[in-house]
Amino acid sequence: MEEVRVRFAPSPTGYLHIGGLRTALYNYLFARHNGGKFILRIEDTDRTRYVEGAIENLIESLQWAGIEYDEGVFLEDGKIVQKGPYGPYIQSERLDIYRKYVDELVKKGDAYYCFCSKERLDKVREEQKIKGLIPKYDGFCRSLSLEEAKQRIANGEEYVVRLKLPHNKDIKFHDMVRGDIVINTEDLDDQVLLKSDGYPTYHMAVVIDDHLMNITHIVRGEEWLPSTPKHVYLYEVFGWEKPTYVHLPTVLNKDRKKLSKRHGDVSVDDFKAKGYLPEGLVNYLALVGWSPESNEEIFDMEGLIKEFSFERVSKTGGIFDKDKLDWVNAHHIREYDLDKLTRLAIPYLIEAGYIDEKFAKEYFDWLKVMVDTVREGISTVSEVVDKVDIFFKDQIQLEGDEALEVLKQEQVPLLLEAIKEELASIEEIDEEYAKGFMKNIQKKTGIKGKKLFMPVRVALTGNTHGPELVNIIYLLGKQNILNRIEYVEKYYLKD
RNA sequence: GGCCCCAUGGUCAAGCGGUUAAGACACCGCCCUUUCACGGCGGUAACCCGGGUUCGAGUCCCGGUGGGGUCACCA
């Protein structure tokens with residue numbers, strides 16, 4: 001069997017979209033699963049939509065997500081470089097190639113020069129719409145003779161090249177997830193292949209490049225399905241072997257519409273900034289539109305590669321469910337390497353004003369314990385910030401009546417006394433000592449269970465909920481605990 | 001509007017002619033945890049409608065309805 005070669009071919013028009021990331025991911029998984037090659041090609045044939053820095057961002061996003069490719073466009077020391085035997089991989093650098101094939105098409109009579117102005121085209125479309133017709137090129141230049149066309153070009157007239165589609169011809173192709181699809185050329189337009197600025201349109205460039213780069217499977221969003229017959233027809237006209245098509249279901253928002261910026265966060269950067277782990281995002285995204293045979297939900301990249309297949313890709317568009325993403329991400333956070341997780345959390349802690357660079361360096365081990373104790377209750381890295389205020393605030397703040405109730409319990413004064421007494425006997429709390437701390441208090445007071453833990457928790461944190469108390473005691477340290485007890489005694493136990 | 005695609009709980013989804021119609025998220029209980037989480041157990045909840053085909057249809061066919069996509073010198 002021939003080697004699998006797939007590609008992800010985004011346009012540098014902005015940031016990498018979550019839907020785009022999933023397309024890239026499926027390409028990647030398929031390539032790796034089959035021991036094939038994955039290529040990153042840049043489709044920048046629309047000069048008006050080009051965004052500075054978009055290529056760099058695209059590459060960085062893929063890299064962040066852990067999606068690696070073998071050929072195409074890379075970033076080295078901040079510079080865009082290209083690698084691979086089929087370059088260039090940036091379409092704007094392949095203009096002469098497209099030109100050659102366009103000329104071939106014209107020569108063979110499968111394409112023609114068109115001199116219609118934008119204004120005329122708009123007018124035609126407008127009239128068609130009013131008449132209730134399908135907006136479509138009316139074929140005005142279709143029968144122009146080649147000599148006349150050449151003459152007009154020589155005269156300096158602007159022109160485009162259009163595909164000369166045969167009338168009433170069924171174009172058939174097979175899609176790995178949709179099955180057989182037939183579309184009649186009457187429902188298609190004489191698509192522009194070469195624009196007046198000399199750049200090819202997507203439809204031309206994609207066919208040429210996929211063929212020249214030996215792409216075996218075209219894996220892309222289903223929004224491309226209606227224009228696929230144009231591409232198929234081009235393959236037929238050129239006499240090239242067709243690739244296998246795989247059109248992926250759409251990732252939708254809650255309104256069942258295509259994910260868009262208007263409906264919240266859609267760029268990979270947004271999710272990264274919010275503290276989602278690449279492992280979590282990728283894991284979740286893989287599950288929107290695909291399901292493993294094993295029925296499992298938590299995967300690392302290796303697991304996905306092992307299980308992935310297009311046979312199990314669904315036809316139905318899937319809504320991007322943030323709740324489930326959070327759940328998946330939480331799983332990965334709990335199992336993440338603690339050093340790595342702590343490093344990821346530090347920027348959020350600095351931003352929140354809890355620590356600075358110096359502190360992060362000096363007390364890294366302490367931070368590790370802290371991150372480790374709060375990781376159980378969070379679903380994004382940024383949420384550490386919400387959980388650690390208890391370690392940095394000077395005074396506690398009671399959260400709700402429930403917390404106050406706890407402090408009003410009769411055993412509380414005795415408990416606090418016991419803690420002070422216990423702490424008086426030591427210099428500082430180490431991890432080992434912290435483990436036995438509550439037991440010591442229990443022995444001293446004879447109080448146990450909720451009656452013991454809850455008041456201590458509230459006195460130290462102000463909250464009835466929170467991370468493991470033993471860790472809180474260690475993290476706080478002797479002086480902080482004493483301060484908080486004093487505060488509680490002063491303000492909550494007076495009456 | 002033409003064309004194309006799609007249709008199982010609120011969401012992601014198994015299912016591929018015969019099942020009590022899996023599982024997961026979310027939600028609600030209970031248990032575990034000397035506290036809090038994690039976790040475990042259980043519960044509520046679905047085959048869009050109508051015709052066929054068949055002994056038998058969520059599964060196959062046709063029609064309808066609904067949703068989405070697409071109709072550019074954008075990709």
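Convention: sequence-line order gives letters A, B, ...; per-chain numbering from 1.
Looking at Lys451(A) and Gln411(A), their side chains never bring a donor and an acceptor atom within 3.5 Å of each other.
Nucleotide G23(B) is matched to C12(B) when pairs are restricted to Watson-Crick or G-U wobble geometry with both distances under 3.5 angstrom. Checking C32(B) for Watson-Crick or G-U wobble geometry (two distances, each under 3.5 Å) identifies no partner in any strand. Across all strands shown, C3(B) forms a Watson-Crick or G-U wobble pair with G69(B), both key distances being under 3.5 Å.
For Lys315(A), a side-chain nitrogen or oxygen approaches OP1 or OP2 of C6(B) to under 4.0 Å. A close approach under 4.0 Å does not occur between any side-chain nitrogen or oxygen of Ser227(A) and OP1 or OP2 of U70(B). Put simply, Lys258(A) has a side-chain N or O that comes within less than 4.0 Å of OP1 or OP2 on U70(B). Of the side-chain N and O atoms in Arg312(A), one or more sit less than 4.0 angstrom from OP1 or OP2 of G15(B). Between Arg125(A) and C73(B), a side-chain N or O to OP1/OP2 separation shorter than 4.0 Å is present. Between Lys254(A) and C12(B) there is no side-chain N or O to OP1 or OP2 distance below 4.0 Å. For A75(B), neither phosphate oxygen OP1 nor OP2 lies less than 4.0 angstrom from any side-chain nitrogen or oxygen of Arg49(A). Within the 4.0 Å cut-off from OP1 or OP2 of A14(B), at least one side-chain nitrogen or oxygen of Ser291(A) is found. Put simply, Lys136(A) has no side-chain N or O that comes within less than 4.0 Å of OP1 or OP2 on C3(B). OP1 and OP2 of C5(B) both lie 4.0 Å or more from every side-chain N or O belonging to His247(A).
Looking at heavy-atom distances under 4.0 Å, Glu223(A) makes contact with sugar-phosphate atoms alone, never a base. Here Lys439(A) lies in heavy-atom contact (under 4.0 Å) with a base. Heavy atoms of Thr45(A) sit under 4.0 angstrom from primed sugar atoms or phosphate atoms, though from no base atom. Residue contacts for Leu452(A): at a heavy-atom cut-off of 4.0 Å it reaches a base atom on one of the strands shown. Among the protein residues, Asp323(A) comes within range of the sugar-phosphate backbone only, with heavy atoms under 4.0 Å from sugar or phosphate atoms but none that close to a base. Here Glu222(A) lies in heavy-atom contact (under 4.0 Å) with sugar-phosphate atoms only. Among the atoms of the strands shown, only primed sugar atoms or phosphate atoms (P, OP1, OP2) are found under 4.0 Å from some heavy atom of Ile319(A). Residue Thr464(A) is classed as a sugar-phosphate contact, given heavy-atom separations below 4.0 Å to backbone atoms only. Using a 4.0 Å heavy-atom distance criterion, Gly289(A) is classed as a sugar-phosphate-only contact. Within 4.0 Å of Arg178(A), counting heavy atoms only, lie sugar-phosphate atoms of the nucleic acid but no base atom.
Taking a cutoff of 4.0 Å between a charged side-chain nitrogen and a carboxylate oxygen, Glu405(A) and Lys408(A) do not qualify as a salt bridge. Checked for salt-bridge contact, Asp122(A) and Arg125(A) meet the test: a charged N lies under 4.0 Å from a carboxylate O.
Taking the six-membered ring for Trp and the full ring otherwise, the centers of His231(A) and Tyr202(A) sit less than 6.0 Å from each other. Under the 6.0 Å cut-off for aromatic ring centres, Phe30(A) and Phe308(A) do not qualify, their centroids lying 6.0 Å or more apart. Here Phe320(A) and Phe271(A) bring their ring centres to under 6.0 angstrom of each other. Proximity of the aromatic rings of Tyr26(A) and Phe310(A) is defined here by a centroid distance below 6.0 angstrom, and this criterion is not met.
Going from atom CH2 of Trp224(A) over to atom P of A72(B) covers 13 Å, rounded to whole Å. Distance Ile473(A) CD1 to U34(B) C1': 12 Å, rounded to the nearest Å. At whole-Å resolution of the value, CG in Leu163(A) and P in A72(B) are 15 Å apart. The NZ atom of Lys118(A) sits 11 Å away from the C1' atom of C74(B) (whole-angstrom rounding). Atom-to-atom, NE2 of His17(A) to P of C74(B) comes out at 21 Å; the value is rounded to the nearest Å. Atom-to-atom, CG of Leu121(A) to P of A72(B) comes out at 9 Å; the value is rounded to the nearest Å. C25(B) atom P lies 15 Å from atom CG of Asn329(A), rounded to whole Å.
If you take atom P in A13(B) and the same atom in U54(B), they sit 35 Å apart, rounded to whole Å. Rounded to the nearest Å, the gap between the P atom of G18(B) and that of C61(B) is 16 Å.
For Glu158(A) and Gly466(A), each mapped to the nucleotide of RNA chain B holding its nearest heavy atom, the one lying further toward the 5' end belongs to Gly466(A).
The side-chain tip of Arg375(A) does not point at the ring of Tyr336(A) from less than 6.0 angstrom away and within 45° of straight on.
The base of C73(B) is paired with the side chain of Ser196(A) by a donor and an acceptor separated by under 3.5 Å. Side-chain to base pairing of Gln442(A) with U34(B): one donor and one acceptor N or O lie within less than 3.5 Å of each other.
Considering only side-chain atoms of Val160(A), the nucleotide from U34(B), C73(B), A37(B) that sits closest is C73(B). Closest contact between the side chain of Ile134(A) and the listed nucleotides A7(B), G2(B), C36(B) involves G2(B).
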